[in-house]
2 protein chains.
Amino acid sequence: MKATIYDVAREAGVSIAAVSQVINGKGKISEERRQEILQVMERLNYRPSVIAAALTGKKTYTIGLLVPDISNPFFSEIARAVEDQGDHRGYSIIMCSTDNKMERAERYLSLMLQKSVDGLIIGTGMENKEALIKLMKSIPVVMVAREAETNLAMQTVIVDDFVGGSLAARHFLELKHSRVAVLAEKATVSSSRERIRGFRETLVQAGHALAESRIKACEDDLLKEGKEKALELLQQPDRPSAIFCCNDLLAIGTLRAAKELGLRVPHDVSIIGFDNTILATVTDPTLTTVAQPTELMGKMAVDSLIQKLEGQPPAEERVVLRPELIIRQSTAVKE
Amino acid sequence: MKATIYDVAREAGVSIAAVSQVINGKGKISEERRQEILQVMERLNYRPSVIAAALTGKKTYTIGLLVPDISNPFFSEIARAVEDQGDHRGYSIIMCSTDNKMERAERYLSLMLQKSVDGLIIGTGMENKEALIKLMKSIPVVMVAREAETNLAMQTVIVDDFVGGSLAARHFLELKHSRVAVLAEKATVSSSRERIRGFRETLVQAGHALAESRIKACEDDLLKEGKEKALELLQQPDRPSAIFCCNDLLAIGTLRAAKELGLRVPHDVSIIGFDNTILATVTDPTLTTVAQPTELMGKMAVDSLIQKLEGQPPAEERVVLRPELIIRQSTAVKE
DNA sequence: TTGAAAGCGATACCAA
DNA sequence: TTGGTATCGCTTTCAA
């Protein structure tokens, strides 16, 4: 069996209180006793139980991370950054893929609460405002890469999606594309909405319109549905000469649709993605995409959460990072 | 504050024991009382604390998952499968990226033990045999996608890496390539070793050799180092006409190296990857690769672990799945 | 069928 | 400085 604090105390001939003190480095203890106890701990290969400590009010040093899908490269990159910074600060990460399903998200949230995680990093939509508000009363939360759907004050680390969409539109305009379309995630995904808004507004300012029929949204399997919807867009009368995709996965679906229709990218149709995941660098052609500072976002989210956990003065509430357009081969001047 | 079992008991006018019984559905309780208590629990929005329950000997319903890197698509796909099946069976997943560093792995392991996870799924190398043996005495472990480096009996869900390497070699041979090279992960990674062994053996049986100088290994950043080492291989005198890469990331590095040298794939050099991640489907050209049944592996690892946790008769100890060669565009008959 | 009480492993307060 | 002890929230005998 694993050694407990009692075993250590007995072996060392002291009280458990003494042992607890050396574990936590608090209280007064003679250096002599401390060393003795330390040795016994070593000998017994003793490791204090986080569970037991948590029961007395200490933290579990565990953070819950909610994302739509850990196997989506964007989120696995976020997850890696979160894990690294968490580890660095002494916290472990429990991962939860919600598939953008509110039901899954809520089940996971309730579970995280039961498991007494110290805090939550949420990178998935939270449509249920009330649930979020209630949640925040019981546990510190920071949003990452997604906006909270409430007007509640809450820590958020995000990229400026509006600007991101605008960047994409401007690039298309510079390349003389005005007959454009958008492939997005479903409307409940806040980041997609903002990206579209930025995209459209920039278009409108330049005197162009973006009809609703030129926007298609995908529910679930981004790759598969993305291709299907892209196929629809590319077969519309007066085919768009450029498509803005709200993430790299969708852009790949579009790439495939174009190929299937015998359209050349960027010659016949230009494509812009979003996220700048590893995928964007390996496709054929490589993807012009709007980059998010993934690593930084993960790191800042963790720091922001831990700051809250440790009761330090909250830092900036909203951190809005700048997206950046990475121009590769999937975009070109309109023929 | 969160409601506790005491709150429920008081509100319902019963003892905490009674409440505990309805939580766990054990013991004898009149249906009437049960309903009353259930209602109070509902009203107080009571959720039993996993922490407290765990302290009394129950499980934490948490599994630790160790992989080299959660942002490597192969492992994020495994992770997703593990998470889904875990969730399905009522378990949460704590993720740990080890970067194939024994030091990180051991730190994480000790941490998982302190956090009282119920079991471990290990998908990263465990070079330290003794540590592994000791580990297995204190907690159920199943290996996934990696062989344990001990002769200890342990649950393992793996693909036949030897056959995988052999599949690659056979494909090259059929395409008349005999001047071949290998790009691998470092020698401590068991899967790479086996793949190379299978590759070489098949080559040898066909009367060809594979010189040590034709094998390069990467330590860390697979993409970056992969490209560097591939560059070296492709600049050797008597340049290899085909390269077998031990995973898709390395294959992409090789693709880049080839491009940098102005070599066309597959015209000038054929490339085979391993894993069949999403990456293999989007590259230019798309990658011929050896596929692993990722989803199945994740699922089986979880089932196997939970079976152990729940003290059921252990199923098969070693599950060896068959890899499959997926032929795409990165391989062709030698000129 | 119900409840009192003894742990589980650690923390922290209070005496000594 | 040290140690005794109540406590955290829950499970589990064991009597009643």
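Since the structure is predicted, the reported quantities are computational estimates derived from the model, not experimental observations.
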Any [X] side-chain nitrogen or oxygen under 4.0 Å from OP1 or OP2 of [N]:
| X | N | value |
| --- | --- | --- |
| B:Ser20 | D:dT11 | yes |
| B:Ser15 | C:dG3 | yes |
| B:Ser30 | C:dT1 | no |
| B:Lys26 | D:dT12 | yes |
| A:Arg33 | D:dT1 | no |
| A:Tyr6 | D:dG4 | no |

Distance, rounded to the nearest Å, where [X] contributes [atom1] and [N] contributes [atom2]:
| X | N | atom1 | atom2 | answer |
| --- | --- | --- | --- | --- |
| A:Lys58 | C:dC13 | NZ | P | 13 Å |
| A:Gln35 | D:dT1 | CD | P | 15 Å |
| A:Arg34 | D:dT2 | CZ | C1' | 16 Å |
| A:Lys28 | D:dT2 | NZ | C1' | 13 Å |
| A:Ile16 | C:dG7 | CD1 | C1' | 13 Å |
| B:Asn24 | D:dT13 | CG | P | 12 Å |
| A:Leu55 | D:dT11 | CG | P | 12 Å |
| A:Gln21 | D:dT2 | CD | P | 8 Å |

Going by atom types alone, do B:Thr62 and A:Lys115 pair a side-chain donor with an acceptor below 3.5 Å?
yes
Among C:dA10, C:dT2, C:dG3, the one nearest B:Ala17 by side-chain distance:
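The answer is C:dG3.
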Among C:dG3, C:dT11, D:dT2, which nucleotide sits nearest the side chain of A:Ile5?
C:dT11
Please work out if B:Val19 contacts a base, only the sugar-phosphate, or nothing of the nucleic acid, heavy-atom cut-off 4.0 Å.
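Touches nothing.
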Please test B:Leu111 against A:Ser92 for side chain to side chain contact (heavy atoms under 4.5 Å, CB included), starting from the C-alpha separation and ending with a verdict.
CA-CA 9 Å; B:Leu111 194 57; A:Ser92 313; 3.5 Å; yes
Salt-bridge contact A:Asp303-A:Arg89 (side-chain N to carboxylate O under 4.0 Å):
yes
Contact check, side chains of A:Lys59 and A:Glu310, non-hydrogen atoms, under 4.5 Å
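Sidechains of A:Glu310 and A:Lys59: in contact.
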Answer yes or no: is there a side-chain heavy-atom contact under 4.5 Å between B:Val302 and B:Tyr91?
no
